[in-house]
Structures are given as structure tokens and as C-alpha cells.
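Scope of the values below: all heavy atoms of this structure, side chains included, with no hydrogens, waters or symmetry mates. Numbering starts at 1 and runs along the sequence shown.
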Amino acid sequence: MASHTLSRKVITQTLRLYAEHGGNIAAACRTAGIARTTFCDRLAFAKRHMDPIQETQLDTTAYYRKITDAPSRSVFVFTCAQNATKPHPVFKTLLQYCKYRHATLVVIPLRYHNPTSFWSRGAQNDDWWDATIVPYLLDKRFDLNKHLTVLADIKTQPTAVSPLAGLETMSGSRSVVVGHPRMEMLTVPTPQSKLPKMLYSTGCVTRKNYISAKAGKKAEFHHSYGAVVVERCGDLFFPRQLNATSDGCFYDLDYYYTPQGRRRSPRAAALVMGDSHVEFIDPSVVSATFGPQGIVKVLRPKVLVWHDTHDFYARNHHHNGRVFTTYAKYRSDMDNVERLLDSTFAFIDQHAPRDTTNVFVASNHTEALARWVAETDPKADPKNILFWAHTFLAMLSDTRMTNGGTVTLDPFEYWARHKLRCYENSIFLVRDQSYRICNIEVGFHGDQGLNGAKGNVRGFTKIGTKSVIGHHHSPAIQAGVYCVGTSSRLHLEYNHGPSSWAHTHCIIYPNGKRTLVTIVNGKWHT
């Protein structure tokens, strides 16, 4: 086929399909209804015979030197801009933000050509950026510190479905910031002596400008206005999302920024905390979350969302038959079910503000209490036999048949009713019970996925509802799904090998926008 002459119509159709499917030849072949070899021959012919354009070379050397000479304690704001596209009002808001915070704005340039002129000289007419953006453009890779690299030299396709895919190893052990209109985040496992490697895509400051085809419409739907702010403090860095609404305004912690300036923000709508596991909660996370300068004190969230609040270590079913673990728990009184449960409730009462609603998401660790009551032989557990009997009787008394099958009492909620002082300010969700905050679903724990499958972040992206989940201990952002990390110590007895666990919470602002906040060495910002 490649040796024959192809018509301009066939060449244009081939290039268009190739671009629309983001370079996925198999998908382009299915749409065209032709064999893969035929499509590849046509694509090769088009690339040989179309006149390739020469991209404009940006001279960002001076700005690169200014950025790399910034002091070790600095604030950087990273975003991206598409060529041949006017800026969105969020660009002016980011300039205001940088003025107030003495921050450096970095705009990573992206190129997106009309696919019908992808290899033609006509596309050169689109190789420009708005004059107000040009002074902030940077297309050179640089290290922010020894733990973070900015891949400004990588020009991702704005229509790429997974902008972070394939970048896991490009920066070695360093975390990564890459420019892309999607605002996503991924954690990569690292040896447990190190912090997990985190990959961030930035969001965008230019308006939506895509072709009216499937790939373009998908990119338009997921196009996010905003940026990633990184607070650098020596070898530490603290990243979070600046997630703007359609008018270009956004919240960052306790301030609300607009194109005209900033003002103090009202209370945050909610704080979804990383899985608590109170028996093994990290003291540095407690301090950063609930301390005098902690997240809760600063943002005053109206709702605290708790995942895996109680670890239920005392009678964890995974310990059955493990004689040394059982002996160690016996020696330390860590096998006393009621005592550990009391400690969890005391922790909640000590740290949850009185004017805050506590929402406890049904989670696999708290549900382990019900499993223990149902499966244990009380005669073999004299230490817990009275507590077991009381709980068993309460569950038995409240078990009933409904139209959908058997329903029984949640023992965690039952004991909270008797022991938790802030019970009146608390909501205990049951499985599959929806709870929305600013139209964001927070009722999923994340362990149970679609149609009974094992839960994962990608699976929750398919339900079409913005959500915040827990369970995985590895923070992530993907297509409207935010996943928090853990509040426990990062090295527990059951997580072996390289780990992507991180101390990460999710803030839900009053306008429904979200950001992930990661706690490092007991600090959550500079």
C-alpha cells in the first residue's frame, strides 16, 4: 500500500483517526474498519510525503536561570498552557496568588495541532502562545530539590487519557510534576526507608480548545483550570492542587483567590482523613491534623470523614494460628477487644471539635468487629467472653429479615452509642449508603468495587460520580476520584516490600473543589 499513491482525502482521514485516538493504532483501525497493516502502511506513507513543520523554538533560558537561583525556601506554582489558545481568567487569579504568596509561576507549554494539518506547514500558524503567558513559559527540565523534578521539557498531548502513564521511571527516585490539562496524581512504591514517589499533572490556564471528536470531547470534559502549588523547604516539598471554578477563582487552605485579590475563606466543607487505624495512628499525623496549627484548627471543617477508624487489631482474623503474634498481643494486653475499642472512642472524643459533624464510613477494619462476634468461639477466649456475649446479644436482638434479605446491627455503631460522648454529632454509614458533601460522594470506603469486584481507583472512575475514597493508603487523583492515604504509621507488620503509602488527607472546599494535603515529618505546609 505504501508504494501506491494515496489521495489527499485518505491521508487526511488516516492522520485524523490517528490523532483522535491519541496514537492508539488498534482503536484507529477499528474506527476505520481496515486491517492494522493497511492502516500502518497509510500512516507511514502520510508521514513520508506530508511536509513536516518545524516547531517554534522557545527561548526560556533567562527564566530558567531565575528559577534555579531561587532560595531553598520558596513557593512555586506549576501549570500549563496550550498553543494557539487564549488564557482563562484563572491565569489572572494565579498572578494574584503569586503576588500574595511571593511565589514563582511556571507555565509549561503544550502543543496541540489540528490533526488534519498535523504534518503540514499550515499548522505553523498555530504555533504561538498568548503574550501575557509567554514571560512565564518554561520548557526545560529542572530539579526543585533532591526529591522533586519538574519535567517541563516533556510536551504531553492535551488529549492524553493517562498523562502520567509511562513517567514512573523517567526521574529516577524523584517525584515528578508534568504539565497537562488533566489534574491527576499517582503514587509509585519506593523502598520503605524513603517517602513514596509522587507524580502530579498540573491543570491548565488556557481555555478549552479541542477538536469535536471523541478524543477531543473527552479531553474537554476532563480539562481542569488550575495549577499545582509546591512549597519547597530545603529537601522537603509540600504539594497541593489549586483547583479553580469556571470563573477562575479557587481556594487555597484558608484563603479564597479571585482575579482581583483574595479574602479569608469560610469553613471548609469537609476534611476526609487518611485511614485512621487509631491503635497504630502516627503521632506526627495527629499533631499535623488536630494540633494547635493543624489542618482542623486552620480550616475548621464542618464535617470530618473517618475511614477505618478502628483497626480491630485485638482479634484480627489474619492472626488466627499465628502463635507468636497471639503471644505478643497477650503480653501487651493488645488482645483486649473492649479496651482497644474504648481507646478509639476516647481518641475521637479528644480530637473531634464539638461543632463538627463526624461521618464514619463503613470500612473493612471496623466491620471486623461484627465478623469476630459471628465467627468466634467465646469459650476459647475468656478474656473477651463477657464483651462478646453482650455484643452477641445486642446483634441477635436487632437481626431481622427485610425484602432484600437479612439485616443486623452494626456493633461498632452500637458501642459508639453507649461510649462515644460526641455520638449526637456523629453519623455512622452502612454499606452502600450514600453521603454527599458539595455533590461529592464520600460514602465509599474503596475496598469493594463495581459488581462485587475488589475496589480500586480506576474502577470508581467509571461510575460517573465525583468521589473521595480511602482503604488503599496510597493517595491518587484520577478522573474525578480522589483517594486519601493513611494516618497510621507507614510501616506496619503486614505491608512488606516497596510501599506507596503516604500520610494524605483530602480537603473539600465550600465550592466543592478538592485538594490532597500530604503530611511529611509532622508538617503539612511551610
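Between I440 and R436, every side-chain heavy-atom pair lies at or beyond the 4.5 Å cut-off. You'll find the side chain of V230 reaches within 4.5 Å of the side chain of L148, heavy atoms only. A heavy-atom distance below 4.5 Å is found between the side chains of P259 and C249. Counting heavy atoms from C-beta on, the side chains of I154 and M170 come closer than 4.5 Å. Looking at heavy atoms from C-beta onward, P353 lies in side-chain contact with L304 at the 4.5 angstrom threshold. When side chains are defined from C-beta on, Y200 counts as touching Q241, because their heavy atoms get closer than 4.5 Å. At a threshold of 4.5 Å between non-hydrogen side-chain atoms, the residues R267 and T356 count as touching. Side-chain contact between M273 and T289: present, with at least one pair of heavy atoms (C-beta onward) separated by less than 4.5 Å.
For the atom pair NE2 (H505) and CG (L271), the distance works out to 5.5 Å, reported to the nearest 0.5 Å. Between the CG atom of L242 and the OG atom of S224 there is a distance of 12.0 Å, given to the nearest 0.5 Å. Rounding to the nearest 0.5 Å gives a distance of 8.0 Å between CD1 of I281 and NE2 of H351. A distance of 10.5 Å separates CG of D69 from OG of S74, quoted to the nearest 0.5 Å. Taking CD from Q448 and CG from L450, the interatomic distance works out to 11.5 Å, rounded to the nearest 0.5 Å. Distance check, rounded to the nearest 0.5 Å: CH2 of W128 to CZ of R111 gives 13.5 Å.
Checking side-chain atoms of H472 against main-chain N and O of G446 turns up a donor-acceptor pair under 3.5 Å. With hydrogens and angles disregarded, a donor-acceptor distance shorter than 3.5 Å links the side chain of S201 to the backbone of R182. With hydrogens and angles disregarded, a donor-acceptor distance shorter than 3.5 Å links the side chain of T68 to the backbone of R65. Between the side chain of D282 and the backbone N or O of L490, no donor-acceptor pair lies under 3.5 Å. Checked by atom type and distance alone, the side chain of K197 pairs as donor or acceptor with a backbone atom of G172 at under 3.5 Å. Side chain of W129 to backbone of A81: a donor-acceptor contact under 3.5 angstrom is found. For D275 (side chain) and H471 (main-chain N/O), a donor-acceptor pair under 3.5 Å exists by modelled atom type. For the pair T60 (side chain) and Y63 (backbone), a donor-acceptor distance under 3.5 Å is absent. A donor-acceptor distance shorter than 3.5 angstrom exists from the side chain of H180 to the backbone of Q157, with no hydrogens or angles considered. A donor-acceptor contact shorter than 3.5 Å is absent between the side chain of T518 and the backbone of T504.
Of all heavy-atom pairs spanning S499 and P196, the tightest one is O-CB, 4.1 Å. Residue Y225 comes nearest to H88 through the heavy atom pair CZ-CD2, 3.3 Å, listed as atom of the first residue, atom of the second, then distance. The shortest non-hydrogen separation linking R458 to S162 is NH2-OG, 4.1 Å. In plain terms, the two heavy atoms of C233 and R73 that are nearest each other are SG-NH1, 3.1 Å. Pairing each heavy atom of V107 with each of I133, the nearest pair is CG1-CG2, 3.8 Å. Closest heavy-atom contact between L110 and G179: CD2-O, 3.7 Å.
A 6.0 Å sphere centred on CZ of F221 holds no more than 12 heavy atoms belonging to other residues, nucleotides or ligands. Enclosure of atom NZ in K513 by more than 12 non-hydrogen atoms of other residues, nucleotides or ligands within 6.0 angstrom is indicated. The number of heavy atoms from other shown groups lying within 6.0 Å of NZ (K208) is above 12. Within a 6.0 Å radius of CD in E168, other residues, nucleotides and ligands contribute more than 12 heavy atoms. Environment of NZ in K523: sparse, with no more than 12 heavy atoms of neighbouring residues, nucleotides or ligands closer than 6.0 Å.
Between E441 and S467, the side chains place no donor N or O within less than 3.5 Å of an acceptor N or O (distance only, hydrogens not considered). A side-chain donor-acceptor contact under 3.5 Å links T486 and S488. Side-chain contact annotation: N511 with T245, donor-acceptor N/O pair under 3.5 Å absent. A side-chain donor from one of H473 and H277 sits under 3.5 Å from a side-chain acceptor of the other. With no hydrogens or angles considered, no side-chain donor-acceptor pair links Q96 and T258 at under 3.5 Å. Side chains of S474 and S500: a donor-acceptor N/O pair is present below 3.5 angstrom, by distance only. Side-chain atoms of H445 and D308 form a donor-acceptor pair, as typed in the model, at a separation below 3.5 Å. Judged by distance alone, the side chains of T202 and T79 never bring a donor and an acceptor atom under 3.5 Å apart.
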- Message: If you apply the rule side-chain hydrogen bond (donor to acceptor under 3.5 Å, both in side chains), what do you find for Y255 with R264, and how did you get there?
- Response: CA-CA 5 Å; Y255 281 98; R264 284 283 183 179; 3.2 Å; yes
- salt bridge (Lys or Arg N to Asp or Glu O under 4.0 Å) between K146 and D235, intermediate numbers included: CA-CA 6 Å; K146 70 178 184 179; D235 290 336; 3.6 Å; yes
- List the steps, then state whether side-chain contact (heavy atoms from CB on, under 4.5 Å) holds for Y97 with T93. CA-CA 6 Å; Y97 180 86; T93 308; 5.6 Å; no
- Between T149 and D143, is a side-chain hydrogen bond (donor to acceptor under 3.5 Å, both in side chains) present by the stated rule, with each step listed? CA-CA 4 Å; T149 294; D143 296 334; 2.8 Å; yes
- After noting the C-alpha distance and the side-chain angles of R240 and D252, does the key distance pass the salt bridge (Lys or Arg N to Asp or Glu O under 4.0 Å) rule? CA-CA 9 Å; R240 57 184 178 272; D252 183 45; 2.6 Å; yes
- Message: Under the criterion side-chain contact (heavy atoms from CB on, under 4.5 Å), I'd like the reasoning laid out for F444 against F460: C-alpha separation, chi angles, the key distance, then a yes or no.
- Response: CA-CA 9 Å; F444 300 125; F460 281 95; 3.6 Å; yes
- Task: Decide yes or no on side-chain contact (heavy atoms from CB on, under 4.5 Å) for I295 and F290, but give the supporting numbers first.
- Result: CA-CA 7 Å; I295 301 172; F290 300 105; over 6 Å; no
- Can you list the steps and then say if H147 with L236 is a side-chain contact (heavy atoms from CB on, under 4.5 Å)? CA-CA 7 Å; H147 295 304; L236 298 180; 5.7 Å; no
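Between Y136 and F91, the ring planes lie perpendicular to each other; the angle is over 60°, past the 30° to 60° tilted range. Note on ring orientation: taking the six-membered ring where Trp is involved, the planes of F360 and W306 are parallel (angle under 30°, cut-offs 30° and 60°). Aromatic ring orientation, F76 versus F142: tilted (interplanar angle from 30° to 60°).
At least one test fails for R262 against the ring of Y257: distance under 6.0 Å to the centre or angle within 45° of the axis.
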